[in-house]
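Below you'll find the structure, written out as structure tokens, and then a few comments.
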Amino acid sequence: MTKRLIFLGPPGAGKGTQAERICKIRNLLHLSTGDLLRAEVTAATSLGKEAEDLMNKGELVSDEIVLSIVEKKLLLANQGWLLDGFPRNVSQAESLGTLLEKVSQPIDLVILLEIDDEVLVERLIARGRADDNEKVIRNRLLVYREKTSPLINYYTKLGILTSVQARGNVEDISELIEEKIG
Ligand code: B4P
């Protein structure tokens with residue numbers, strides 16, 4: 001059974017939206033590094049203070065911070081998990097690989113949510129979060145192309161990547177994802 005999943009895709013592709021639905025249906029732990037970081041910012045922890053400025057510029061938070069958050073949560077998950085927004089670069093993917101090897105929890109499937117930039121910009125401006133203004137969104141897209149998109153090749157080479165078109169209504173996209181998960 002497919003129970004260890006990663007959602008990959010540009011900002012606003014709907015990773016968070018779809019992850020919430022799939023995790024409810026499949027009883028998986030939903031691990032969103034974006035949500036976890038925003039919770040640290042809201043709680044004004046030292047980690048949150050360090051992350052806030054970077055997030056508001058659309059830059060990635062340091063690997064060290066993100067890994068420390070993910071590692072604790074992943075090790076407690078025994079029912080399967082869905083990683084949403086993590087890994088975000090090759091170095092995070094390598095660290096994740098090492099961690100998962102240690103705990104004998106291989107990734108079953110990486111789902112790439114594919115979508116055009118202009119749809120993303122429209123969606124995110126409509127949402128209006130602190131990092132959802134056009135200048136920051138354009139930077140997040142650049143950071144995605146430069147740092148995150150090499151993961152497409154990385155997971156394709158490992159033979160565990162599949163793609164879904166993420167344009168359309170939320171329910172239809174969920175169905176496509178469900179078909180891929182099987
Ligand atoms: P994230 O929180 O991961 O956010 P995201 O990529 O912008 O959004 P996502 O793809 O989840 O879209 P969503 O479903 O919300 O990252 C934010 C920041 O955190 C990063 O820039 C970075 O600074 C930091 N960060 C996070 N993880 C990190 C890591 N691993 N390493 C370093 N830094 C990290 O959908 C977006 C909008 O579209 C919503 O309003 C939604 O309602 C709408 N929508 C979704 N599906 C739709 C559909 N089918 N049709 C119409 N609208 C739709």
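We use all heavy atoms of the structure for the numbers below, so side chains are in, but hydrogens, waters and symmetry mates are not. Every value quoted in this text rests on a predicted model; they were computed, and no experiment measured them. Each ligand, and each atom within it, is numbered from 1 in the order the structure gives.
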Measure the distances from the heavy atoms of [X] to every atom of ligand 1 and state whether one is below 4.0 angstrom.
| X | value |
| --- | --- |
| G9 | no |
| P10 | yes |
| R167 | no |

Measure from [atom] to every heavy atom in [options] and give the option owning the shortest one.
| atom | options | answer |
| --- | --- | --- |
| atom 26 (C) of ligand 1 | K147, R88, E171 | R88 |
| atom 14 (O) of ligand 1 | I115, L96, T17 | T17 |
| atom 49 (N) of ligand 1 | G34, G168, A13, G14 | G168 |

Nearest to [atom], what protein heavy atom do you find, and at what distance?
| atom | answer |
| --- | --- |
| atom 19 (O) of ligand 1 | M55 CE, 3.4 Å |
| atom 31 (N) of ligand 1 | Q92 NE2, 2.9 Å |
| atom 48 (C) of ligand 1 | R123 NH2, 3.2 Å |
| atom 15 (O) of ligand 1 | R127 NH1, 2.7 Å |
| atom 22 (C) of ligand 1 | E59 O, 3.6 Å |
| atom 33 (N) of ligand 1 | V61 N, 3.1 Å |
| atom 24 (C) of ligand 1 | L37 CD1, 3.9 Å |
| atom 6 (O) of ligand 1 | K15 NZ, 2.9 Å |

Considering only heavy atoms from C-beta outward, does the side chain of [X] approach that of [Y] to under 4.5 Å?
| X | Y | answer |
| --- | --- | --- |
| I152 | L161 | yes |
| V121 | R138 | yes |
| L113 | L8 | no |
| I177 | I111 | yes |
| K3 | W81 | no |
| R26 | I181 | yes |
| L5 | L83 | no |
| L124 | D131 | no |

Indicate yes or no: does an N/O atom of [X] lie under 3.5 Å from an N/O atom of ligand 1?
| X | result |
| --- | --- |
| G16 | yes |
| G85 | yes |
| N169 | no |
| S32 | no |
| P87 | no |

Should you measure from each heavy atom of [X], which atoms of ligand 1 turn up under 4.0 Å away?
| X | answer |
| --- | --- |
| G12 | 5 (P), 6 (O), 7 (O), 8 (O), 9 (P), 10 (O), 12 (O), 36 (C) |
| R38 | 2 (O), 17 (C) |
| I173 | 49 (N) |
| P11 | 5 (P), 6 (O), 7 (O) |

For [X], does the [atom1] atom sit with more than 12 other heavy atoms under 6.0 Å from it, leaving out its own atoms?
| X | atom1 | answer |
| --- | --- | --- |
| E171 | CD | yes |
| R127 | CZ | yes |
| E101 | CD | no |

Can you tell me which portion of [X] lies within the under-4.0 Å heavy-atom range of ligand 1? Options are side chain, backbone, both, or neither.
| X | answer |
| --- | --- |
| V66 | side chain |
| R129 | side chain |
| R140 | side chain |
| L113 | neither |
| S62 | neither |

Exercise for the section: Using only heavy-atom distances, determine whether the side chains of T148 and R88 contain a donor-acceptor pair under 3.5 Å. Expected result: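 R88 and T148 do not have a side-chain donor-acceptor pair below 3.5 Å.
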Problem - Distance-only side-chain donor-acceptor flag, N169 / D172, under 3.5 Å - result: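 D172 and N169 do have a side-chain donor-acceptor pair below 3.5 Å.
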Exercise for the section: Group every Ile, Leu, Val, Met, Phe, Trp and Tyr by side-chain heavy-atom contacts under 4.5 Å, then state whether L120 and L151 land in the same group. Expected result: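 No, because L120 and L151 fall into different hydrophobic clusters, even though each may have its own neighbours under 4.5 Å.
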Practice task
Decide, yes or no, whether a salt bridge links D84 with K15 under the criterion of side-chain N to carboxylate O below 4.0 Å.
Solution key: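 The answer is no: the pair does not qualify as a salt bridge.
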Problem - Pair D132 + R140, salt bridge at N-O below 4.0 Å - result: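 Salt bridge: yes.
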